[in-house]
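Throughout, protein chains are lettered first and strands after them, A, B, ... in sequence-line order, and every chain is numbered starting at 1.
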There are 2 protein chains.
Amino acid sequence: MAELGHVRPQTMTFDEPLPLRSGNRLGPYELKVETYGQLNAAKSNAVLVCHALNASHHVAGTYEGVDKSEGWWDNLIGPGKPLDTDKFFVIGVNNPGSCFGSTGPMHANPATGQVYGADFPVVTVQDWVDAQSRVVERLGITQLAGVLGGSLGGMQALDWSLRYPERLRHCLAIATAPNLSAQNIAFNEVARRAIITDPDFHEGHFYRHGVIPKRGLRVARMIGHITYLSDDVMEEKFGRQMRAAELGYSTQDIEFQIESYLRYQGDKFSEYFDANTYLLITRALDYFDPAREHGGDLSRTFAAARCKFLIASFTTDWRFSPTRSREIVKALVDNRREVSYAEIDAPHGHDAFLLDDPRYHGVLRAYFERMSQEFAA
Amino acid sequence: MAELGHVRPQTMTFDEPLPLRSGNRLGPYELKVETYGQLNAAKSNAVLVCHALNASHHVAGTYEGVDKSEGWWDNLIGPGKPLDTDKFFVIGVNNPGSCFGSTGPMHANPATGQVYGADFPVVTVQDWVDAQSRVVERLGITQLAGVLGGSLGGMQALDWSLRYPERLRHCLAIATAPNLSAQNIAFNEVARRAIITDPDFHEGHFYRHGVIPKRGLRVARMIGHITYLSDDVMEEKFGRQMRAAELGYSTQDIEFQIESYLRYQGDKFSEYFDANTYLLITRALDYFDPAREHGGDLSRTFAAARCKFLIASFTTDWRFSPTRSREIVKALVDNRREVSYAEIDAPHGHDAFLLDDPRYHGVLRAYFERMSQEFAA
């Protein structure tokens, strides 16, 4: 299997402000975008990949001169890979409000000249999809072959199918849900409280104080990490392994390897992730609920969809369990939409959508191959 | 059903220091104790009730002149209740290290005259059981009719059966586990990090600074609370209920009722619970692992037990799932011990052990009635 090799992000500037669900407007704004492969003459082979919390436009390939700079879904996307860049033109967009280059809380508010910080407007999944649709337009693409995403990215793919039904032929939504459960919201809220109550948060204007609410970010990431992994995989990977042969009888020192792992993940995350972005993205997750406008009726909601669907879930994912994916499948079947559903027996919990489990990648490879026949003919 | 009425705690002072698993010694020390009902002439009708994280010696009854002062297991214990104080003599002991009156981190270290704070020695389930056994001795009781506990209290009941096998006839361990899983330890560790990294923690000596690490305690309690409830009951109780009719588009204000509920629980807890106690008790949970001395073999571990057992679990408890209780049952069956096992289909998650689900209380009532026939004869 060949590799994509070096890739480069591009910056797209949008002078026309983006109207947001909150009633605010964002703009002028910039978005970081990467594309891989070639857009065919008919402009019919483009796949948009939507990212989740801790990811960006850098979906695949590497950056020249930067070690370990593989994109976050590089195992899936490239020449000969399941999403084959020899056939497809793949687009990654960093959503506004993120902290990986697109206009976000770390940038200056054009209205004031000050860094946005907590004043960055609340963004929703719909706002992101609207921003992505402008990118797609600018690339000269009228209809996408597909929109693909996992987790929060899957919610964006679903939103595309509902609000831009004629502009995609396939929606591929992996390890996602039609909305967050109370438990999902609860975990988000605890993580947010950890950040907001960190004295270094300064009501979201910590940049001005030259500090970062790292304590809160660490705790937020540790909580997140527990929910990404299955109970089983955590047990298998760490179990009750001790760091030393004997108990140290300490409440503060590391005794168990799982503690060491979580602290490491928290520390690493707090070095690069923006606290305001964390709040914005978890809130976008909380708010996503397309059935809300339809009295909570998901079947009525999906009556708007026109494309074909691949829905996939993982048996050990307790964050977005298969039950939630089946709700989507049922709503699609109720509307006689064409839907393929794969419930993959994988041990890795929610994280599975980022891993290269052979059954999972087999499903995606087969689906993309079938998709490619539509424009190869 | 009559009520127990007003009860009073007593204070027992122990001059002989308690040797701890860590190699330290605690003492002299005091323990708060409550008893209900009458010890019979044969001293054969005593049941010791062990408490979990957020509880104490005040197991049942009320305090005179104090509203809403029911003990934490008052629905179970009293005249005519499943653990019938007309038949049984019930003992509640506040464990050392707790923050409800027994010697703990908020008290003065006799060696220095200073408040212990973070210098309070690490205590284990075994240390607590040793302390409880001295209380039982002082009450003149050679053999307990039973030891009862849920969650961390259940671990203490199991430990009694292993290390004081001749001193109890029945071990009743509810919603517990033979040790914590990696995921359990992970949740404890995040909660501890939230407390320890709160700038008001001052390395555990916050009393000297006149502050309380409330931010950390709030986050710790919110995390705990999510794990006490089942996903289903949270969905049923809160779902995606909004506080207002319209979205407020805010990352910091309360939007969903579940957020309001969790913040309230966190606030309330931070008003009365001691941060050092939180660290100590979660660490005792982490450490409990009686099979560790037997190469992880639970069957070999329970070869030491002599009493009869009631093991009970709840189907929706994902903190201490039925699977973990079945491990205990298997080890007991391997040793041909007499064990009753009830897996109760209750919606409330781990919290169920504190609630008065009729099937659950029915099981306990039947078991205690059988127990009472042993000494009524």
Comparing B:L247, B:I254, B:L262 against chain A, the one with the most heavy-atom pairs below 4.5 Å turns out to be B:L247
Interface check, chain A: of B:Q252, B:R193, B:M222, most non-hydrogen pairs under 4.5 Å belong to B:R193
Of B:R25, B:R163, B:R283, B:R21, the one forming a salt bridge (Lys or Arg N to Asp or Glu O under 4.0 Å) with B:D127 is B:R21
Note: vs chain A, highest number of non-hydrogen pairs under 4.5 angstrom among B:S250, B:G296, B:A194, B:G239 is B:S250
Would you indicate whether A:E236, at its atom CD, is surrounded by more than 12 heavy atoms from other residues, nucleotides or ligands within a distance under 6.0 Å?
-> no
Honestly, the part of A:E255 sitting under 4.5 Å from a heavy atom of chain B is both
Cut-off 4.5 Å, heavy atoms of chain A, and the answer for B:I195 is neither
Most contact-rich option vs chain A, by heavy-atom pairs under 4.5 angstrom, among B:I258, B:V190, B:T124, B:V219, is B:V190
Most contact-rich option vs chain B, by heavy-atom pairs under 4.5 angstrom, among A:T282, A:L280, A:N179, is A:N179
Margin query: Would you say the rings of A:F314 and A:F320 are close, in the sense that their centroids are separated by under 6.0 Å?
Written below: no
*asked:* Please tell me whether A:Y261 and A:H225 form a close aromatic pair, meaning their ring centres lie under 6.0 Å apart.
replied: yes
Counting heavy-atom pairs under 4.5 Å with chain A, the top scorer among B:M234, B:Q257, B:K214, B:E259 is B:E259
Bottom line for A:I196: the part with an atom under 4.5 Å from chain B's heavy atoms is side chain
d(B:S260 OG, B:Q265 CD) to nearest 0.5 Å is 10.0 Å
Using modelled atom types and a 3.5 Å cut-off, is there a donor and acceptor pairing between side-chain atoms of B:D159 and backbone atoms of B:V129?
no
Heaviest contributor of heavy-atom pairs below 4.5 Å to chain B, chosen from A:F187, A:W318, A:Y287, A:F238, is A:Y287
